[in-house]
Amino acid sequence: MFDTAVIGTGPAGLSAAINLKLHNKDIIWFGSEKMSEKIRISEKIANYPGIPFATGEEMAAAFESHRQQMGLEITDRMVSLIMPTDTGFSILADNDIYEARTIILATGVVTSKELPGENALVGRGVSYCATCDGFLHKGKTIAVLSTSERFEHEVKYLAELAEKVYFFPYYRNPAVSRDNVEVMDQKISSVNGDNRIESITLADGRELNVSCLFCMRDSIAPTTILSSLATEKNRIIVDRDMATNIPGAFACGDCTGTPYQIAKAVGEGNAAAHSAIKYLASV
């Protein structure tokens, strides 16, 4: 069991991971190995103390260098579910379960809006994990929504199981070519079904019957990952110690609300790490 699981590799997650490592905590750090694409594409960053007017590429390179010097490893897996346990938390990432005594959520702002009907049908035909649920739909017709090319291996895996895949890439130049995969140029406007998914409606009004919709996004709403988490207006509610309403769970960075600034995220990541360290010493 790990001392802490940090979810998110932006500046808040990096700051939390650095401080936990400095205090010799056994951690696992989930997120993209590319870390923050939001920083990378920034033109200039004027308000980060000590590194004035850095380009996004320069800031991203500095963060990556710090990560490497600290020997921090990133587990590039999508966390789809966190379950509180008697000893901490069970974390489902792709098809594996990890255990941690505390968690730090540094998931950033969810930029992809939830589809109408999506949340009501999670676990009843809507899934966020291909390797977890793909086998349940062997030989069936499914739909896959993907916001990044990093999930294309998941689409290919699902194509090996399903009879038919409607693939909705929400990015340019997808590189999935299979006889049973139809790349769609429309977007999904709603997910339909009473007790279970029955169909999806497209932006042009067409309706497709599917047995499952796999939503492969770079970020998932925190309340989808951890259902008992208290939020307000799409932000995680935290106190000054970055503690959430769940004992042992902390949050930092953009997911806790405005201002959406790197300096704020780094400071909150530091605070969350020290609060997790204090909590670990008390249990």
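Just the heavy atoms: all of them, side chains too, but no hydrogens, waters or symmetry mates, feed the values below. A quick note: this is a predicted structure, and the numbers were derived from the prediction, not measured.
- Here the CE-OG distance, from Met70 to Ser65, works out to 12.0 Å after rounding to the nearest 0.5 Å.
- Using a 4.0 Å cut-off between a side-chain N of Lys or Arg and a carboxylate O of Asp or Glu, Lys156 and Glu152 do not qualify as a salt bridge.
- For CG of Asp179, the number of neighbouring non-hydrogen atoms (other residues, nucleotides, ligands) closer than 6.0 Å is 12 at most.
- Residues Ala106 and Cys255 come closest through the heavy atom pair CA-SG, 4.3 Å.
- Judged by distance alone, the side chain of Ser282 and the main-chain N or O of Tyr279 form a donor-acceptor pair under 3.5 Å.
- Distance CD1/Ile91 to CE/Met83: 9.0 Å, rounded to 0.5 Å.
- For the pair Ala60 and Arg40, the tightest heavy-atom approach, listed with the atom from each and the gap, is CB-NH1, 3.8 Å.
- Stacking of Lys187 on the aromatic ring of Tyr170 is recorded, both the 6.0 Å distance cut-off and the 45° axial limit being met.
- Between Leu229 and Leu105 the shortest side-chain heavy-atom distance falls below 4.5 Å.
- No donor-acceptor distance shorter than 3.5 angstrom exists from the side chain of Glu43 to the backbone of Gly56, with no hydrogens or angles considered.
- For Asp26 (side chain) and Asp3 (main-chain N/O), no donor-acceptor pair under 3.5 Å exists by modelled atom type.
- Put simply, Leu226 and Val238 are part of the same group of oily side chains (I, L, V, M, F, W, Y) that touch within less than 4.5 Å, one to the next.
- Between Asn180 and Ala162, the shortest heavy-atom contact is ND2-O, 3.0 Å.
- Gln186 CD: more than 12 foreign heavy atoms inside a 6.0 Å radius.
- Checked by atom type and distance alone, the side chain of Ser189 pairs as donor or acceptor with a backbone atom of Thr201 at under 3.5 Å.
- Taking CZ of Arg240 as the start and OG of Ser275 as the end, the distance is 10.5 Å to the nearest 0.5 Å.
- Side-chain contact, Asn192 with Ser190: a donor N or O sits under 3.5 Å from an acceptor N or O.
- For the pair Thr85 (side chain) and Gly88 (backbone), a donor-acceptor distance under 3.5 Å is present.
- Side-chain contact between Phe168 and Ser146: absent, with no pair of heavy atoms (C-beta onward) separated by less than 4.5 Å.
- In this structure, the side chain of Arg235 does not engage the main chain of Thr231 through any donor-acceptor pair within 3.5 Å.
- In this structure, the separation between CE on Met1 and OG1 on Thr87 is 3.0 Å, given to the nearest 0.5 Å.
- In this structure, Ser15 contributes its side chain and Val266 its backbone to a donor-acceptor pair below 3.5 Å.
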Let me see the working for Val181 and Val144 under side-chain contact (heavy atoms from CB on, under 4.5 Å), right down to the final yes or no. CA-CA 10 Å; Val181 176; Val144 183; over 6 Å; no

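- At least one donor-acceptor pair closer than 3.5 Å links the side chain of Ser127 to the backbone N or O of Cys129.
- Between Lys34 and Asp76 there is no salt bridge, since no side-chain N of the basic residue sits under 4.0 Å from a carboxylate O of the acidic one.
- In this structure, Phe214 and His137 have side chains that are in contact, with non-hydrogen atoms separated by less than 4.5 Å.
- Put simply, the side chain of Tyr171 does not reach to within 4.5 Å of the side chain of Thr147, judged on heavy atoms.
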Let's go through Ile197 and Arg124 carefully: what are the C-alpha distance in whole Å and the side-chain angles of both, what is the deciding distance for side-chain contact (heavy atoms from CB on, under 4.5 Å) to 0.1 Å, and is it a yes or a no? CA-CA 6 Å; Ile197 191 171; Arg124 293 184 287 175; over 6 Å; no

Start with the C-alpha gap between Leu14 and Arg67, add the side-chain angles, then the distance that decides, and say whether side-chain contact (heavy atoms from CB on, under 4.5 Å) holds. CA-CA 7 Å; Leu14 173 63; Arg67 179 191 75 81; 4.2 Å; yes

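- Closest non-hydrogen pair, Ala17 versus Leu72, comes out as O-CD2, 3.8 Å.
- In this structure the side chain of Ser199 never reaches within 4.5 angstrom of the side chain of Leu208, judged on heavy atoms.
- Residues Val165 and Arg178 form no side-chain contact, since every pair of their non-hydrogen atoms from C-beta on lies 4.5 Å or further apart.
- Applying the 6.0 Å contact sphere to CG of Asn234 captures no more than 12 heavy atoms from other residues, nucleotides or ligands.
- Contact check on Asp241 versus Lys278 returns no salt bridge, with no Lys/Arg side-chain nitrogen under 4.0 Å from an Asp/Glu carboxylate oxygen.
- Salt bridge Arg217/Glu118: present, at least one basic N to carboxylate O contact under 4.0 Å.
- In this structure, Ile82 and Phe89 have side chains that are in contact, with non-hydrogen atoms separated by less than 4.5 Å.
- Taking the side chain as every heavy atom from C-beta outward, Ser228 and Ile246 approach each other to under 4.5 Å.
- Checking Gln261 against Asn47 by side-chain atom types alone, a donor-acceptor pair falls below 3.5 Å.
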So Thr256 and Glu268, side-chain hydrogen bond (donor to acceptor under 3.5 Å, both in side chains) or not? Walk me through it. CA-CA 9 Å; Thr256 66; Glu268 288 192 350; 2.8 Å; yes

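- Met78 is not connected to Leu92 by any chain of hydrophobic side-chain contacts under 4.5 Å among Ile, Leu, Val, Met, Phe, Trp and Tyr, and they are in different clusters.
- A cation-pi geometry, defined here as NZ or CZ lying under 6.0 Å from the six-membered ring centre and within 45° of its normal, does not hold between Lys264 and Tyr260.
- In terms of heavy-atom proximity, Ile104 sits nearest to Cys252 at CG2-SG, 3.7 Å.
- Linking ILVMFWY side-chain heavy atoms closer than 4.5 Å, directly or via other members, places Tyr166 and Leu213 in a single hydrophobic cluster.
- The CE atom of Met184 sits 5.5 Å away from atom CG of Leu202, with the distance rounded to the nearest 0.5 Å.
- Closest non-hydrogen pair, Pro222 versus Thr107, comes out as CG-OG1, 3.9 Å.
- In this structure, Ile237 is not a member of the same hydrophobic cluster as Ile103, with clusters built from ILVMFWY side-chain heavy atoms closer than 4.5 Å.
- No hydrogens or angles considered: a donor-acceptor pair under 3.5 Å links the side chains of Thr4 and Thr102.
- Atom CG of Asn195 is surrounded by 12 or fewer heavy atoms from other residues, nucleotides or ligands within 6.0 Å.
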Passes side-chain contact (heavy atoms from CB on, under 4.5 Å), Ile39 versus Glu57? Steps please. CA-CA 7 Å; Ile39 291 176; Glu57 288 287 351; over 6 Å; no

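- Contacts classified as ring pair (Phe, Tyr, Trp, His ring centres under 6.0 Å) and involving residues 12-31 (residues at least two apart or in different chains) are given here: His23-His274, Phe30-Tyr98.
- Between the CG atom of Leu145 and the CG atom of Leu115 there is a distance of 6.0 Å, given to the nearest 0.5 Å.
- Salt bridge Glu163/Lys140: absent, no basic N to carboxylate O contact under 4.0 Å.
- Under a hydrophobic clustering in which Ile, Leu, Val, Met, Phe, Trp and Tyr are joined whenever their side-chain heavy atoms come within less than 4.5 Å, directly or via other members, Leu280 and Phe2 fall into different clusters.
- A distance-only check finds no donor-acceptor pair linking the side chain of Ser42 to the backbone of Lys44 [under 3.5 Å].
- Of the residues listed (Thr141, Asp133, Ile142), the one engaging Cys212 in a side-chain contact (heavy atoms from CB on, under 4.5 Å) is Ile142, and it is the only one.
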